Enquirer: 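Take this structure first; my questions come after.
Computed over heavy atoms, backbone and side chain alike; hydrogens, waters and symmetry mates excluded. Keep in mind the model is a prediction, meaning the values are calculated, not measured. In what follows, every chain begins at residue 1, and chains take the letters A, B, ... in the order their sequences are listed.
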Amino acid sequence: MDEAAALAADQVARPSDFIREFVEEDLRTGKSCGRVATRFPPEPNGYLHIGHAKAICIDFGIANQYDGTCNLRYDDTNPVVEDVEYVDAIEADIRWLGFQWASLHYASDYFESIYEFACLLIRKGLAYVDDLDEEQIREYRGNFYVKGRESPFRDRTVDENLELFKAMREGAFADGAKVLRAKIDLNSQNMNLRDPLLYRIKHAHHHRTGNDWCIYPMYDFAHPLSDSLERITYSICTVEFEAHRPLYDWFIEKCDAFPSRQIEFARLNLTYTVMSKRKLLQLVQQNRVTGWDDPRMPTLAGMRRRGYTPEAIRAFCERIGVAKNDSVVDVALLEHAVREDLNRRSPRMMAVLKPLRLVIENWPEGETWDIQAPNFPEDPSHGTRTLPFSKVLYIERDDFKEEAVKGWFRLSPGAEVRLRYACLVRCTGVVKDPATGEVVELRATMDMDSKGGNSPDGRTVRGTLHWVSVMHAVDAQVRLYDRLFNVENPNASNPGCPQSFLDFLNPDSLEELPCCKVEPALASVAPGERVQFERIGYFCADSKDHSPSRPVFNRTVGLKDSWARAERKGKDSLKAKGVGDPALNSGPALFAAAVVNAGESSVPVAAPGQSGASVQALADFKPLAAQITIDDFAKIDLRVGLVKEAGLVEGAKKLIRLCVDVGEGHLRTVFAGIRAAYPDPAVLVGRRVIVVANLKPREMKFGLSEGMCLAAGEPETGLFVATFDGEARPGDKVS
RNA sequence: UCUCCGGUCGUCCAAUGGCAGGACACAGGAUUUUGGUUCCUGUUAUCGGGGUUCGAAUCCCUGCCGGAGAACCA
């Protein structure tokens, strides 16, 4: 226990990623005076998305963890693409995520200082005004294989440069006529070092500085100096900026500025999602979505409207970790994070999305029963609300099947289910539209002694359905959101067939259900409030369109649905194996599976692939509907069993009883209908047999049978249990 | 073709020369008045080849694969 505690402490003490490792190393060695200062530097030209959330959690998270500060700084050095519209949205998103900046800045606030730094570089002979135009600069710069050439203006004197740069600032030149460049290394393999641009001329209106400036610094120049001016210790950014780091360091060194340090991590990619601002903007502009806050967008505004919580997003960011590998995170992890959070905070309510009438025949007309239903069934301390029950209810259309299939324990003719919090009902009739054959109503009788939902006699009722009283139901619109793209990587572009990410848009990403029926309590939830619709998923009242008179709910994420998964899997495996298509069925396997499906036969069956009497029986064997699959058959657990006792069964003509050791520490009783072959079952004692070990124990007339023995034989000789001798121990797996 | 960065379960992240571990996903089971939740169990990985070392995911060499890089964008 002490050891475990020490181990746990040890794990907590270790930094959780390589950035925190740098931070702790610096803290240990006293670098930067034990101070931690970070910044989050968005460009105000788009909405924040889940990828930014990762960066925000790192920037603010590290500052918080080490008692440091994190500033919000808008990187607004390019007036032509930036807009105030985004500034407010960005601040709202960061606050919503749960973070507060130490101070708010704009790179544009530093324009004067940055200008002074540029003059300093000129005076040091490290920057020059170049008259080459855009294309010429590109040409002179060379490429990965060709060295760069010096501009003819590279050797202007300091005075000339100073004068020209001043003239640039004063508006003496047209856009593009001149630029200020750093004098570094035209032969560097790092293209960023081939005399990068420091300033360009743009006679443009800036959202903050107005028309004060007509020259604007480039990101590479402005960013390190802005960091430095704010005395940022860790300038954390994504890996695309890695090649810019030598430049970042060069500017700081040559300007004698505070030594901020740039550290890069891998940006977030998510399956079924696009993350680039350009693509998100395209979705908005082409009306593929309703806006930046469309609940299908990976923007924070969209996720908020969808019902995501900041806690869930932060937990997600913590779990994906921080590294430099180029990676794609499974969106299932995000969904897990939001389910985990919503599960513990959402009250449970009932809503019927696709209503089907259910009439309780033995319930008095017009009478209402007010049920007090718990808001959090697992924690009654959170109170109840009134849930009215009456003669006619709505249940979910998907909860009824006219023909029950294997494993179906919802409603079907004759079947009994529980109505959540109410009672047990048995389906007694189906009313169909005579014209279309569509089921329009179900009839049922209720067990009057089952009020509350418990069976009076202890009988098990596996299915529990949600429902809403017709006369009390409230109409609501429900919007079912699904992933926006139907391929894992919508960014993929094959050279052969150039496809746009737009080609991968999921046409079913939004299903609108206009006529849902919800319980009365749901009419009074506030916009933005989150609830669980029992058995369906997590929903939130739409922040824009919801009102008590016209409730609108957005699905945040569905509940895990193991029935849907099993159904899907069954279909897939049927398709894959050709089961269900009689022409493709292979006899023995289906036969054996059919017997297993029956689940009640104590008659030994032939092992698949073996020929003999059992296989011949196939001729008159009618394949079952698609209820069982090859996969079901593959689940059979075959074990070696050692026969300890064997005897006849009194009163049965065909049965013998075996007591078999399957290595479980106790003996299993197995009945086998092969008395004809073993008039004296005692010969089986001490023999090893093959037992199907994972069948549900079956209550028979003569006792409980806890398995089956494999048997085979010829028509003339009858069936014999498959026995063998040798080394195998009881309980060994047979494959 | 050049330079830089990266390569560990299906996915994401750990292991800092000493038992390859966690989460998600998947599979099985228990509990359950949500086919939910919770709990238990299980399957699965160090890109290849050399070398150094008592010992290599980790260090060295080499090959392969992925990402980034030639905006007056950030």
Side-chain angles (χ1 to χ4, degrees), chain A residues 11 14 16-18 21 41-43 45 75-78 80-82 130 133-134 137-139 141-146 148 175-181 188-192 194 197-202 215-216 218-220 222-223 237 239-246 264 266 268 271 277 316 318-337 339-340 343-344 348 350 377-378 407-410 418-422 424 450 452-455 461-466 488 532-537 558-567 635 637 694:
Chain A
Q11 278 164 353
R14 170 153 266 141
S16 56
D17 59 70
F18 74 100
E21 218 161 281
E43 186 187 17
N45 68 344
D75 235 323
D76 56 351
T77 56
N78 187 359
V80 301
V81 298
E82 291 147 10
D130 197 348
D133 66 27
E134 194 170 346
I137 288 176
R138 196 168 19 246
E139 189 193 324
R141 184 141 45 203
N143 58 41
F144 303 141
Y145 320 113
V146 179
D175 285 9
K178 285 181 169 33
V179 293
L180 184 72
R181 297 178 72 180
S188 175
Q189 273 301 331
N190 185 341
M191 299 299 294
N192 296 308
R194 317 251 270 222
L197 268 63
L198 267 40
Y199 269 91
R200 73 285 214 195
I201 300 171
K202 276 180 197 276
I215 58 171
Y216 292 94
M218 301 292 291
Y219 165 88
D220 279 326
H223 202 86
C237 61
V239 285
E240 313 84 270
F241 293 99
E242 202 159 20
H244 296 242
R245 178 156 27 102
E264 312 86 12
L268 171 67
T271 55
K277 270 188 203 171
F316 168 75
E318 209 162 290
R319 282 185 196 199
I320 57 175
V322 183
K324 293 183 72 166
N325 306 342
D326 186 37
S327 62
V328 185
V329 174
D330 192 340
V331 74
L333 186 54
L334 217 210
E335 291 172 352
H336 172 262
R339 277 197 199 100
E340 187 178 53
N343 175 52
R344 67 175 156 247
R348 315 286 134 126
M350 294 214 277
E378 267 153 65
W408 177 262
F409 46 81
R410 276 115 97 155
R418 171 170 23 252
L419 295 177
R420 178 124 231 217
Y421 306 126
L424 303 179
S450 68
N454 291 308
S455 61
V461 174
R462 286 202 73 183
T464 299
L465 269 41
H466 58 277
E488 254 192 43
Q532 185 198 93
F533 288 176
E534 290 213 58
R535 304 210 308 131
I536 302 177
L559 252 29
K560 282 208 275 184
D561 188 344
S562 54
W563 168 250
R565 203 191 320 147
E567 227 178 9
K635 286 178 193 159
D637 186 17
N694 60 341

Enquirer: Can you check the His244(A) NE2 to A74(B) C1' distance for me, whole Å?
Expert: 9 Å
Enquirer: Side chain of Met191(A) only, heavy atoms from C-beta on: which candidate in G35(B), G69(B), A74(B) is closest?
Expert: G69(B)
Enquirer: C2(B) and U43(B): how far apart are their C1' atoms, nearest whole angstrom?
Expert: 45 Å
Enquirer: Determine the interatomic distance between C1' on A25(B) and the same-named atom on G48(B); round to the nearest Å.
Expert: 28 Å
Enquirer: Pick one: which of Thr271(A), Val331(A), Val328(A), Asp330(A) meets side chain to side chain contact (heavy atoms under 4.5 Å, CB included) with Glu488(A)?
Expert: Thr271(A)
Enquirer: Under 4.0 Å from OP1 or OP2 of G35(B): is there any side-chain N or O of Arg462(A) that close?
Expert: no
Enquirer: Of all the choices, G35(B), C73(B), G66(B), which nucleotide is nearest to the side chain of Asp326(A) once you look at every atom?
Expert: G66(B)
Enquirer: When you match Asp561(A) and Gln189(A) each to their closest nucleotide on RNA chain B, which lands nearer the 5' end?
Expert: Gln189(A)
Enquirer: Counting the atoms with a prime plus P, OP1 and OP2 as sugar-phosphate, which does Tyr216(A) contact under 4.0 Å by heavy atoms, base, sugar-phosphate, or nothing?
Expert: nothing
Enquirer: Please give me the minimum heavy-atom distance between Leu424(A) and Arg418(A), naming the atom from each residue.
Expert: CD2-CB, 3.6 Å
Enquirer: Check the angle between the aromatic planes of Tyr219(A) and His244(A) and answer parallel, tilted or perpendicular using the 30° and 60° thresholds.
Expert: perpendicular
Enquirer: Give me the distance, rounded to whole Å, that separates U1(B) from G63(B) when you measure between the P atoms they each carry.
Expert: 12 Å
Enquirer: Are the side chain of Asn190(A) and the backbone of Ala243(A) linked by a donor-acceptor contact shorter than 3.5 Å?
Expert: yes
Enquirer: Touch check for Tyr421(A), heavy atoms < 4.0 angstrom, all strands: base, sugar-phosphate only, or nothing?
Expert: base
Enquirer: What's the gap between U31(B) and G36(B) when it is taken at their P atoms, as a whole Å value?
Expert: 14 Å
Enquirer: Can you tell me how far C1' in A45(B) sits from the matching atom in C24(B), rounded to whole Å?
Expert: 15 Å
Enquirer: Should His336(A) be listed as having a side-chain N or O under 4.0 Å from OP1 or OP2 of C24(B)?
Expert: yes
Enquirer: Taking G28(B) as the reference, what is the distance to G67(B) when you measure between their C1' atoms (whole Å, please)?
Expert: 39 Å
Enquirer: Taking only side-chain nitrogens and oxygens of Arg565(A), does any of them come within less than 4.0 Å of OP1 or OP2 of A27(B)?
Expert: yes
Enquirer: Which nucleotide sits closest to the side chain of Thr77(A): U37(B), A74(B), G35(B)?
Expert: A74(B)
Enquirer: So which atom in Lys324(A) and which in Val239(A) form the shortest heavy-atom distance, rounded to 0.1 Å?
Expert: CE-CG1, 4.2 Å
Enquirer: Is Glu378(A) touching bases, backbone alone, or none of the nucleic acid, heavy atoms closer than 4.0 Å?
Expert: base
Enquirer: What's the gap between C73(B) and U62(B) when it is taken at their P atoms, as a whole Å value?
Expert: 40 Å
Enquirer: Would the distance check show the side chain of Arg339(A) and the main-chain N or O of Gly537(A) forming a donor-acceptor pair, the cut-off being under 3.5 Å?
Expert: no
Enquirer: Show me, range against range, the stems involving RNA chain B, built from at least 3 consecutive Watson-Crick or G-U pairs below 3.5 Å.
Expert: B:2-7 with B:64-69, B:10-13 with B:21-24, B:26-30 with B:38-42, B:47-51 with B:59-63
Enquirer: Does U37(B) have its OP1 or OP2 closer than 4.0 Å to a side-chain nitrogen or oxygen of Lys560(A)?
Expert: yes
Enquirer: Phe241(A) has a side chain; which of G35(B), A74(B), C72(B) sits nearest to it?
Expert: A74(B)
Enquirer: Within the structure, does a side-chain N or O atom of Ser562(A) lie under 4.0 Å from either OP1 or OP2 of G36(B)?
Expert: yes
Enquirer: From CZ of Arg319(A) over to C1' of G22(B), roughly how many Å is that when rounded to an integer?
Expert: 10 Å
Enquirer: Using a 5.5 Å cut-off between ring centres and planes within 30 degrees, is Phe144(A) stacked on the base of G69(B)?
Expert: yes
Enquirer: From C72(B), C12(B), C24(B), pick the nucleotide closest to the side chain of Ala332(A)?
Expert: C24(B)
Enquirer: Reckon Arg535(A) has a side-chain N or O less than 4.0 Å from the OP1 or OP2 of G35(B)?
Expert: yes
Enquirer: Check whether any side-chain N or O of Asn325(A) sits under 4.0 Å from OP1 or OP2 of G6(B), and answer yes or no.
Expert: no
Enquirer: Touch check for Asp220(A), heavy atoms < 4.0 angstrom, all strands: base, sugar-phosphate only, or nothing?
Expert: nothing
Enquirer: Would you say the side chain of Glu488(A) and the base of G10(B) hold a donor-acceptor pair, judged only by whether the two atoms sit under 3.5 Å apart?
Expert: no
Enquirer: When you check the phosphate oxygens OP1 and OP2 of A74(B), does a side-chain N or O of Arg200(A) lie under 4.0 Å from one of them?
Expert: yes
Enquirer: Report the distance from atom CG of Asn192(A) to atom P of U3(B), rounded to the nearest whole Å.
Expert: 17 Å
Enquirer: Roughly how far apart, to the nearest Å, are A20(B) and A15(B) at atom P?
Expert: 16 Å
Enquirer: Can you tell me the distance, in whole Å, between the OH atom of Tyr145(A) and the C1' atom of U3(B)?
Expert: 10 Å
Enquirer: Measure CZ/Arg420(A) against P/U34(B) and give the value in whole Å, please.
Expert: 5 Å
